[in-house]
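Structure first, then comments.
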There are 2 protein chains.
Amino acid sequence: MKYSKATNYALHTMVYLLTLPRNSTIGVQSLAEMQNLSPTYLSKILTKLAKGGLIESTPGVKGGYKVSKPKDEISFLDVIKTVEGDSNLFHCSMDHNEGCMIERVMTEAEQNMKDDLDNKFLIDIAHDMEEKNSNTIKGKANEGN
Amino acid sequence: MKYSKATNYALHTMVYLLTLPRNSTIGVQSLAEMQNLSPTYLSKILTKLAKGGLIESTPGVKGGYKVSKPKDEISFLDVIKTVEGDSNLFHCSMDHNEGCMIERVMTEAEQNMKDDLDNKFLIDIAHDMEEKNSNTIKGKANEGN
DNA sequence: GATATCAAAGACTCATGTTGTCCTTGATTA
DNA sequence: TAATCAAGGACAACATGAGTCTTTGATATC
Ligand code: SF4
Ligand code: SF4
């Protein structure tokens, strides 16, 4: 019962993408270097994020990734749901499920967490990181046209 | 990122134990039968619950398990923490952890879930199950002396 | 049009954790 | 002493996560 590392990578990548100027892109190569992990693995995660509509990718020489939503609308939950999936933490396989109290309590509690995560936005983290940009991750992005 | 089956088993077992009359015990054999699972596996879970102080076990012929706390004080969180462990869902291995915003957001959200789970008590589920005791699990307990 | 640069995707391996079994040990009651 | 209970270690089976390698396909630049 833990968040996967992929979620961690996804969050950091998204935060970094939010610090980039509008219309500039950055490749998976650079993104992977910053976090010291394999480009191919990160690529799979980014593909997920792209399919989830959070980022978009352009192939080719000056290609790369950039966010594809208004920067202030991307919540933690958006990222987590995309990477981890959006099924419930607790689910019972039994079929007499009619108004099961246990499942209900568990799901309601989980919803509290999700509600909170849906109200925390990555842009705030990005701003915070930019302020104390001392030891934060850095990379070179492609200039936007 | 899911609750383990062990948590499910633990919750159901605890709920059932709460329906038993004071000072009566029931063996892992019967408990396992009700839930259609192996006694030895359930035994490990129950041992965890025992070490966590939620239940206590007495060996020997008329032995078995019974709750070892006031029945109305056992929360969902008590059980979950004992089975799943109480570490955080999100944890970053980096050491520049000084006031990390990401981890903070994630942990705070998790805390909301935990707070809720700590305010939901198993005894209420047990009462609810007793009311509509139609299709609920049943077993024979040892009479209390 | 050839080439370099990018993402996407499938197949695969490796690590880890969950789930479960088997067998032994040890305590308690009858 | 024998039957009945839990505790625990060792192990196997399985699922999932984590990561690598390689191929394919799209795009821009020259
Ligand atoms: S009571 Fe609820 S959690 Fe338990 S077996 Fe039935 S549906 Fe599943
Ligand atoms: S910013 Fe926070 S979550 Fe990210 S690497 Fe640093 S400590 Fe970990």
Side-chain angles (χ1 to χ4, degrees), chain A residues 1-10 13 17 24-33 35-52 54-66 68 80 83-85 87 89-91 93 139-145, chain B residues 1-10 13 17 24-33 35-52 54-66 68 80 83-85 87 89-91 93 139-145:
Chain A
M1 177 66 170
K2 285 217 169 297
Y3 284 110
S4 67
K5 290 190 176 183
T7 293
N8 188 317
Y9 300 152
T13 305
L17 289 181
S24 72
T25 64
I26 184 173
V28 67
Q29 198 70 29
S30 312
L31 289 168
E33 275 176 17
Q35 308 180 50
N36 292 319
L37 55 96
S38 129
T40 39
Y41 182 45
L42 182 59
S43 171
K44 292 186 185 308
I45 301 171
L46 294 181
T47 300
K48 260 190 175 179
L49 293 173
K51 287 191 174 175
L54 295 179
I55 62 179
E56 61 189 53
S57 67
T58 55
V61 173
K62 279 286 191 179
Y65 294 96
K66 64 175 181 179
S68 66
I80 295 170
V83 176
E84 301 269 346
S87 63
L89 264 47
F90 183 92
H91 182 59
S93 50
K140 50 183 175 183
N142 303 323
E143 301 149 6
N145 44 348
Chain B
M1 175 68 167
K2 284 217 168 301
Y3 283 109
S4 66
K5 290 189 177 183
T7 293
N8 188 317
Y9 300 151
T13 305
L17 289 181
S24 72
T25 65
I26 185 173
V28 67
Q29 198 69 29
S30 313
L31 290 168
E33 274 176 19
Q35 309 181 51
N36 292 318
L37 56 96
S38 128
T40 38
Y41 183 46
L42 183 59
S43 172
K44 292 186 187 307
I45 300 170
L46 294 181
T47 300
K48 261 190 176 180
L49 292 173
K51 287 190 174 177
L54 296 179
I55 61 179
E56 60 190 55
S57 68
T58 55
V61 175
K62 278 287 190 178
Y65 293 97
K66 65 174 182 181
S68 67
I80 294 170
V83 176
E84 301 268 345
S87 62
L89 265 47
F90 181 93
H91 182 60
S93 50
K140 49 183 175 182
N142 303 323
E143 302 147 6
N145 41 350

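Values reported hereafter were calculated over all heavy atoms of this structure, with side chains retained and with hydrogens, waters and symmetry mates removed. Per chain, numbering begins at 1; letters A, B, ... match sequence-line order.
- Rounded to a whole Å, the CD1 atom of A:I45 is 15 Å from the C1' atom of C:dA7.
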> Once each nucleotide of nucleotides 18-30 of chain D is scored for protein heavy atoms under 4.0 Å, what B/S/- sequence comes out, 5' to 3'?
Replying inline: SBBBB---BBB--
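- Rounding to whole angstrom units, CG of residue B:L17 and P of D:dA6 are separated by 11 Å.
- Side-chain N/O atoms of B:K51 include one lying less than 4.0 angstrom from OP1 or OP2 on D:dG8.
- For the helix from C:dG1-D:dC30 to C:dA30-D:dT1, the axis fitted to the five pairs at one end and the axis fitted to the five pairs at the other end meet at an angle of 10° (nearest 10 degrees).
- Taking CG from B:L17 and CG from B:L46, the interatomic distance works out to 7.5 Å, rounded to the nearest 0.5 Å.
- Between the CG atom of B:L31 and the P atom of D:dC5 there is a distance of 12 Å, rounded to whole Å.
- Between C:dA8, D:dA7, D:dA6, one nucleotide has an atom nearer to the side chain of B:V28 than all others, and that is D:dA6.
- Between B:S57 and D:dC5 there is no side-chain polar atom (N or O) within less than 4.0 angstrom of OP1 or OP2.
- Under the rule for a side chain to side chain donor-acceptor pair (under 3.5 Å), B:K48 has no partner lying at least two apart in sequence or in another chain.
- Per the geometry, CD belonging to A:E33 stands 11 Å off P belonging to C:dC6, to the nearest Å.
- Under the 4.5 Å side-chain criterion, counting only non-hydrogen atoms from C-beta, B:K66 is not in contact with B:T58.
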